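Only a predicted model underlies this, so the values are computations on that prediction, with no experimental measurement involved. The basis for the numbers below is simple: all heavy atoms, side chains too, and nothing from hydrogens, waters or symmetry mates.
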Amino acid sequence: MAANMGSMRILIKGGKVVNDDFTQEADVYIENGIIQQVGKELMIPGGAKVIDATGKLVLPGGIDTCVHLQETFMNASIQDDFYSGTKAALMGGTTMVMALVLPEQHCSLLDAYEKCRAKADAKACCDYALHVGVTWWGPKVHNEMESLVREHGVNSFQMFMAYKDLMMLRDSELYQVLQTCKDIGAIARVHAENGELVSEGAKEALDLGISGPEGIEISRPEELESEATHRAITIANRARCPIYLVNVSSMSAGDMIAAAKMQGKVIHAETTVAHAVLNGLQYYHQDWAHAAAHVLVPPLRLDPNTPSYLMGLLGNDTLSVVASEHRPFLTKQRALGKEDFTKIPHGVVGVQDRMSVIWERGVVTGKMDENRFVAVTSSNAAKIYNLYPRKGRIVPGADADVVVWDPDATRTISVSTQVQGGDFNLYEGMRCHGVPLVVISRGRLVCENDVFMCAEGSGKFYPQRTFPDFLYKKMVQREKVPYKGVDRDPYSGDVAKVGVRDLHESSFSLSGGVKQQTLRSSARILAPPGGRSSGIW
């Protein structure tokens, strides 16, 4: 069935085609998994399935840049494998996911990648790519990064400034990793929080008797994110490497990114649906299970203006991408931390709801138009990860990843009807405008009117190319203007002899005493012996 669907001819008629830069009324003809024609009054062969999109929008399929599937994290197994996770993605209008491979410290990056590929190839329903975490540093990691890029289709690595003793890199290590990313043309994804102070804050909170989910917010205040954001940008600038900041959660970190962009630094950033919609008051809910279900890092922020502010930054291009950061757990798994918030597994659901929730809170509220919506949910990710215009654009020659989107239809989100894993939905009861009516992945009709028609394992790994122009064009140009020394005549004067004392500059006199230092009569002594003076000596 999957093979037949891949060779389908599909004509989408009467809709408005929405790309990140313009909207046009046009029909779209698909054959052999590729968009063949876009325009009016198309000449097409017979036998095509016709989809009526009158009054609807025709969007590029969504690209979710960070999901976590079929792995164990903080002693808990994630509640979605590559089948259920990619099925949920397709049902929500996302046609490509990027999963994060997290090797254990001091373990092989290559082995972790191979294990993940084996799991994903057997189960994925849609195209997928992999980021690989750099959880430690040494010559072996450097060599494996090169191998992953050259031979295995990886073009992005994720580094952590938090998770002390588990995944955190020191500044010098991060600098070397970023230099390696620059040399091999990879995208450097960085999670920015001050891991040392997070660790100290957690100890202090527990010592004060704070053991509930509110401890995650108390121990990881936003100043620890903004400080690390500034430090990450500085380190990347010194390494001359483009940087991509993940999970931006606070107004101060957003302002830091905006300022760095104004200074001409090559920086892109993503936030998550949860951070752009919810605030940290959830951690103070009376129901422990409710509060614990919102635990992710960085945490949701207490200031209720934060989500609206982050959505505005998505709208004005300070933030480039919105991801789901999908990592579902069950309440009983979170209960591993019922007496210690540091043991609650970090993760929330969202791969299925990402597109609809961002449409409701972004487009319906006027924070962005439909073109910007396409940019933050698809096109920008395609440009950053070197997939564009094969992905993220409706244009002849592109992969046929297409969604027929009804901007006026509504659906109410509920854990009882979700396909994604987990037993709690952060957006329970939210009524969202914006519903995917038809989803086409690589020319296959995979979802129509909530009916799923896609075989397990029919998705494919999508090898990614290095040195994306969207990040590296500026950097390549800057490398052509290197630092230059000053052309001057050589110094020809005397040179002091090391280890020989010059008595003329000594504070000791030949008679053995110390030369008197004369004190100006008008000098103020701020803290003289015996206490601070308010007068003039």
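Nearest heavy atoms, Ala323 versus Cys66: CB-N, 4.0 Å. Nearest heavy atom pair, residue Arg354 against residue Val376, reads NH1-O, 4.4 Å. Here the closest heavy-atom approach between residue Trp405 and residue Met355 is recorded as CH2-CB, 3.6 Å. When every heavy atom of Gln352 is checked against every heavy atom of Met91, the shortest pair comes out as NE2-CB, 4.4 Å. Here the closest heavy-atom approach between residue Phe461 and residue Gly153 is recorded as CZ-O, 3.7 Å. For Leu471 against Val266, the heavy-atom pair with the smallest separation is O-CG1, 3.4 Å.
Under a 4.0 Å N-O distance rule, the pair Arg327/Asp80 does not qualify as a salt bridge. Here Lys119 does not pair with Asp81 in a salt bridge; the nearest charged N to carboxylate O distance is not below 4.0 Å. No salt bridge links Lys56 with Asp408; every basic N to acidic carboxylate O contact stays at or beyond 4.0 Å. Ion pairing between a basic and an acidic side chain is recognised when a charged N comes within 4.0 Å of a carboxylate O; Lys13 and Asp27 show such pairing. Between Arg240 and Asp183, no side-chain nitrogen of the basic residue sits less than 4.0 Å from a carboxylate oxygen of the acidic one, so the salt-bridge criterion is not met. Salt bridge status for Asp121 with Lys460: absent, with no side-chain N to carboxylate O gap under 4.0 Å. A salt bridge is defined here as a Lys NZ or Arg NE, NH1 or NH2 lying under 4.0 Å from an Asp or Glu carboxylate O, and Lys123 with Glu456 meets this definition.
Side-chain N/O atoms of Thr23 and Asn371 include a donor and acceptor closer than 3.5 Å. Between the side chains of Ser324 and Asp64, at least one donor N or O sits under 3.5 Å from an acceptor N or O. Looking at Ser249 and Arg301, their side chains do bring a donor and an acceptor atom within 3.5 Å of each other. No donor-acceptor contact under 3.5 angstrom links the side chains of Gln24 and Asn19, judged on distance only. Of the N and O atoms on the side chains of His433 and Glu360, at least one donor lies less than 3.5 Å from an acceptor on the other residue. Side-chain contact annotation: Glu428 with Ser414, donor-acceptor N/O pair under 3.5 Å present. Side chains of Tyr462 and Gln464: a donor-acceptor N/O pair is absent below 3.5 angstrom, by distance only.
Within the 3.5 Å criterion, the main-chain N or O of Asp303 finds no donor-acceptor partner in the side chain of Asn279. Of the possible polar contacts, one joining the His326 side chain to the Gly350 backbone as a donor-acceptor pair under 3.5 Å is found. With hydrogens and angles disregarded, a donor-acceptor distance shorter than 3.5 Å links the side chain of Asp52 to the backbone of Thr54. Under a 3.5 Å cut-off, the side chain of Thr86 and the backbone N or O of Phe82 do form a donor-acceptor pair.
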Start with the C-alpha gap between Cys454 and Arg444, add the side-chain angles, then the distance that decides, and say whether side chain to side chain contact (heavy atoms under 4.5 Å, CB included) holds.
-> CA-CA 8 Å; Cys454 187; Arg444 302 168 302 149; 3.4 Å; yes

Start with the C-alpha distance between His268 and Tyr244, add both sets of side-chain angles, then the distance that settles ring pair (Phe, Tyr, Trp, His ring centres under 6.0 Å), and finish with yes or no.
-> CA-CA 5 Å; His268 294 280; Tyr244 183 99; 7.2 Å; no

Steps toward side chain to side chain contact (heavy atoms under 4.5 Å, CB included) verdict (Tyr385, Thr65) = CA-CA 9 Å; Tyr385 292 97; Thr65 50; 3.8 Å; yes

Steps toward side chain to side chain contact (heavy atoms under 4.5 Å, CB included) verdict (Arg117, Leu130) | CA-CA 9 Å; Arg117 276 293 307 273; Leu130 297 175; 3.9 Å; yes

Worked check of side chain to side chain contact (heavy atoms under 4.5 Å, CB included) between Arg372 and Asp369 | CA-CA 5 Å; Arg372 185 65 195 165; Asp369 59 19; 3.4 Å; yes

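The local environment of CD in Glu223 is sparse, with at most 12 non-hydrogen atoms from other residues, nucleotides or ligands closer than 6.0 Å. Within a 6.0 Å sphere centred on NZ of Lys16, heavy atoms belonging to other residues, nucleotides or ligands number 12 at most. The environment of CZ in Arg238 is sparse: at most 12 heavy-atom neighbours from other residues, nucleotides or ligands sit within 6.0 Å.
Counting only heavy atoms from C-beta outward, the side chains of Leu319 and Val248 approach each other to under 4.5 Å. By the 4.5 Å heavy-atom criterion applied to side chains, Thr272 and Val322 are not counted as neighbours. Taking the side chain as every heavy atom from C-beta outward, Arg442 and Ile34 never approach each other to under 4.5 Å. Side-chain contact between Met145 and Cys181: present, with at least one pair of heavy atoms (C-beta onward) separated by less than 4.5 Å.
Note: Met159 CE to Leu174 CG = 6.0 Å, rounded to the nearest 0.5 Å. A distance of 4.0 Å separates CD1 in Ile12 from CD1 in Ile30, rounded to the nearest 0.5 Å. Interatomic distance, CG of Asp401 versus CD1 of Ile440, reported as 9.5 Å (0.5 Å rounding). Atom CG of Leu296 sits about 9.5 Å away from atom CZ of Arg220, to the nearest 0.5 Å. Once rounded to the nearest 0.5 Å, the distance linking CG of Leu330 with CD1 of Ile78 reads 11.5 Å. A distance of 6.0 Å separates CG in Asp317 from CG in Asn380, rounded to the nearest 0.5 Å.
His290 and His285 have parallel rings, their planes meeting at less than 30° on a 0 to 90° scale where 60° marks the start of perpendicular.
The aromatic ring centres of His152 and Tyr113 sit less than 6.0 Å apart.
Taking the centre and axis of the six-membered ring of Tyr388, the NZ or CZ atom of Lys383 falls inside the cone set by 45° and 6.0 Å.
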